[in-house]
Amino acid sequence: MPVDTAELRRAIERVYTEVVNDPKKGYHFHTGPEYAVERLGYIREELADLPDGVTAPFAGVGNPLAMGRPRPGETVVDIGAGSGMDSFLAAKAVGAAGKVIAVDMTEAMLLRGRENVALTGLAQIDYRAGLAESLPVDDASVDLVISNGVINLSPDKDGVFREAFRVLRSGGRLQIADIVVHKDIPPAGREDIAIWTA
Amino acid sequence: MLERKLVNVGFDRVVLRDRRPFGLATLARYPIFAPEFLDFVERVVPPDRHDALVYAVDVTATAAT
């Protein structure tokens, strides 16, 4: 039986709503700026400049911007932006002449993200509700697509990659950090929502 | 497999920049793996593979010009 996509999305929303509302609760996983600096190579001083509401809920698995920073004036899409740590770092890199479209499906993340935009004054960040498989972004309008620990949560990874390609301009870049397996997940695992979402 | 997926949709210059093995202990620190999943994996995967169950990867690609 294929995975119930709607239930999968609800389960993901439940987990990440809890993370954004109570990031220091003490989850079984690591979150926050110390983890980002010590394990993933983020720059401590850069994170210190961001509000706690941006960095505390961070729960990525890598550092997409370590592969190359966006240039001033560029447009960036962050797939599954969450509270927006990568989006805010990208926003500082592109500057006021650039734009960062932070896409997330979780209402609590969008709310927190928009609060943080207001708090920082980084008006070049545009939080948009949407799915990784159907980005609310125009065709060929973006210079860089980033994502951090999100694509593995999608039941349609090919669809996510098609969308990233669709929104990128010719010559645009994709920079993702994620988790991969070397063998297919057994059918029993695919059907277990808890396994998919944590 | 990831590289093939990216090439299939039109990307080129796909580069896997880092590849870090994650074992059971490391997986437990990330939100994408529930305790139920870790229990499941511990049961079904031979112990000699518990130190490298999955890989965290950093990947770059370019939309073909």
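Chain letters run A, B, ... following the sequence lines, proteins first and then strands; every chain starts at 1.
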The side-chain hydrogen bond (donor to acceptor under 3.5 Å, both in side chains) partners of B:R13 (sequence neighbours excluded) come to none
Rounding to 0.5 Å, atoms CG (B:D58) and CE (A:M67) come to a distance of 4.0 Å
Quiz item: Hey, any chance B:V45 and A:I179 share a hydrophobic cluster, counting ILVMFWY side chains that come within less than 4.5 Å of each other, even indirectly?
Solution: yes
Cut-off 4.5 Å, heavy atoms of chain B, and the answer for A:A164 is both
CZ of A:R162 to CG of B:L6, rounded to nearest 0.5 Å, is 12.0 Å
Is B:L16 reachable from B:F11 through a run of I, L, V, M, F, W or Y residues, each pair having side-chain heavy atoms under 4.5 Å apart?
yes
Applying side chain to side chain contact (heavy atoms under 4.5 Å, CB included) to A:V150 and not counting sequence neighbours gives A:I79, A:S147
Ordered numerically, the heavy-atom neighbours of chain B under 4.5 Å found in residues 165-174 of chain A are A:F165, A:L168, A:R169, A:S170, A:G171, A:G172, A:R173, A:L174
side-chain contact (heavy atoms from CB on, under 4.5 Å) with A:F161: of B:N8, B:L2, B:V7, only one passes, and it is B:L2
Review point. Given the rule that I, L, V, M, F, W and Y join up when any side-chain heavy atoms are under 4.5 Å apart, are A:I43 and A:L89 in one cluster?
Key: no
dist A:L40:CG -> B:R20:CZ (nearest 0.5 Å) comes out at 7.0 Å
Hydrophobic cluster membership, A:L111 vs A:L50, 4.5 Å side-chain cutoff: no
Residue pairs passing the salt bridge (Lys or Arg N to Asp or Glu O under 4.0 Å) test with at least one member in residues 117-132 of chain A, sequence neighbours excluded, are A:D126-A:R128
